[in-house]
Number of protein chains: 2
Amino acid sequence: MNTQFKKGVLELIVLLAVSKKDMYGYELVLEVSKFVDVNDGTIYPLLKRLTNDKYFETYLVDSTEGPARKYYKITVLGKERVKELKQNWTTFVSGVDKFIKECTKDE
Amino acid sequence: MNTQFKKGVLELIVLLAVSKKDMYGYELVLEVSKFVDVNDGTIYPLLKRLTNDKYFETYLVDSTEGPARKYYKITVLGKERVKELKQNWTTFVSGVDKFIKECTKDE
DNA sequence: TTTAGATACTTGACAATGCAAGGTAGTTGG
DNA sequence: CCAACTACCTTGCATTGTCAAGTATCTAAA
């Protein structure tokens, strides 16, 4: 898959996933992988960044299957960010799609 | 606009535009700008890269409005690249869209 | 002819982000 | 104890877009 396409979009995806329900990192990796090819070394730094930016809060929950799970919970600021990013994304995609159609129509 | 979204997609856009008809750099900047916010300092290096990669060939044409224009023409290799990238792009977008719907459905 | 302005393109330092590869820890079963 | 699985995290690297500055060429006005 094209790595470049993912740039920036993963932020939206992760924000969206967590906004639906609290999740821990590993869970997110598995969930997101169903739709887009991702590496866990991509997700963890991203989660850290989004937490630093106050879009997420975290809490630990013990697990019987390994080390404690760090859950991420979306904040109010995070919800605003989702809305903004989602809007940007749709606008961007529709612009690109229009361009593609424009360039492909006579074939 | 989100800078990151553009990563990789601009390559597709430029390839598509040139595959429709031969174009010179400045013309491309203006054309692409109609759909996506771009900087001319982004387009020129990209054109150079795509030419190095044998996706484009170039030729010069005199102009009455300034210096000679360097036209870019798509190669066979370039056409294959377009097809590949376009396919990747649609697959990627539909994956993301599915994810977005998945996360937004109960609201 | 020299100056100004538009056009056309190049270059280099910079920032963001994804990836591969590695490391740490806890739990369970052999 | 050791292997396998879960879960988490860090580091260095490559790619690609941005911005600022600079080069060069043409036209037209002074």
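The basis for the numbers below is simple: all heavy atoms, side chains too, and nothing from hydrogens, waters or symmetry mates. Letters go in sequence order (proteins before strands), and every chain restarts at 1.
Partner of A:Glu11 under the salt bridge (charged side-chain N to carboxylate O under 4.0 Å, His left out) criterion, out of A:Lys86, A:Arg81, A:Lys6: A:Arg81 alone. Each of A:Leu47, A:Asp22, A:Thr75 was checked for a side-chain contact (heavy atoms from CB on, under 4.5 Å) with A:Phe56, and the lone residue meeting it is A:Leu47. Partner of B:Tyr59 under the ring pair (Phe, Tyr, Trp, His ring centres under 6.0 Å) criterion, out of B:Tyr72, B:Tyr24, B:Tyr71: B:Tyr71 alone.
The pair A:Lys70-A:Glu27 fails the salt-bridge criterion, with no side-chain N (NZ, NE, NH1 or NH2) lying under 4.0 Å from an Asp/Glu carboxylate O.
Rounded to whole angstrom, the span from the OH atom of B:Tyr44 across to the P atom of C:dA8 amounts to 7 Å. Computed from coordinates, the A:Gln4 CD to C:dA16 C1' distance equals 11 Å when rounded to whole Å. Atom CE in B:Met23 sits about 16 Å away from atom C1' in C:dC9, given to the nearest Å. Rounded to whole Å, atom C1' of D:dG17 lies 16 Å from atom CG of B:Leu12. Rounded to whole Å, the distance from CG on B:Asn2 to P on C:dT17 is 8 Å. Rounded to whole Å, atom P of D:dA7 lies 14 Å from atom OH of A:Tyr72. To the nearest angstrom, P of C:dA16 lies 18 Å from CG of B:Leu10. In this structure, the CZ atom of B:Arg69 is 13 Å from the P atom of D:dC26, given to the nearest Å.
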Give every pair of a protein N or O atom and an N or O atom of nucleotides 21-30 of chain C that lie under 3.5 Å apart, one pair per line with the distance.
| from | atom 1 | to | atom 2 | distance (Å) |
| --- | --- | --- | --- | --- |
| C:dT27 | O3' | A:Thr64 | O | 2.8 |

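Between A:Arg49 and B:Tyr71, the residue anchored closer to the 5' end of DNA chain C is B:Tyr71, taking for each the nucleotide with the nearest heavy atom. Nearer to the 5' terminus of DNA chain C, by closest-nucleotide assignment, is the contact made by B:Lys48 (compared with the other of B:Lys48 and A:Glu11).
Heavy atoms of B:Leu47 sit nowhere under 4.0 angstrom from any nucleic acid atom. At a threshold of 4.0 angstrom between heavy atoms, the contacts of A:Lys7 include nucleobase atoms, whether or not backbone atoms are also involved. When heavy atoms are screened at a 4.0 angstrom cut-off, B:Thr3 is found touching the sugar-phosphate backbone but no base atom.
For B:Lys6 and C:dA16, the shortest distance from a side-chain N or O to OP1 or OP2 is not below 4.0 Å. Here A:Tyr26 does not reach the OP1 or OP2 of D:dC8: none of its side-chain N or O atoms lies under 4.0 Å away.
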Determine whether B:Lys34 and A:Glu102 satisfy the following criterion, salt bridge (charged side-chain N to carboxylate O under 4.0 Å, His left out), listing intermediate values before the conclusion. CA-CA 12 Å; B:Lys34 288 185 204 157; A:Glu102 201 64 27; over 6 Å; no
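When the side chains of ILVMFWY residues are joined at heavy-atom separations under 4.5 Å, either directly or via intervening members, B:Leu30 and B:Leu46 end up in a single hydrophobic cluster.
Counting only heavy atoms from C-beta outward, the side chains of A:Asn39 and A:Thr42 approach each other to under 4.5 Å.
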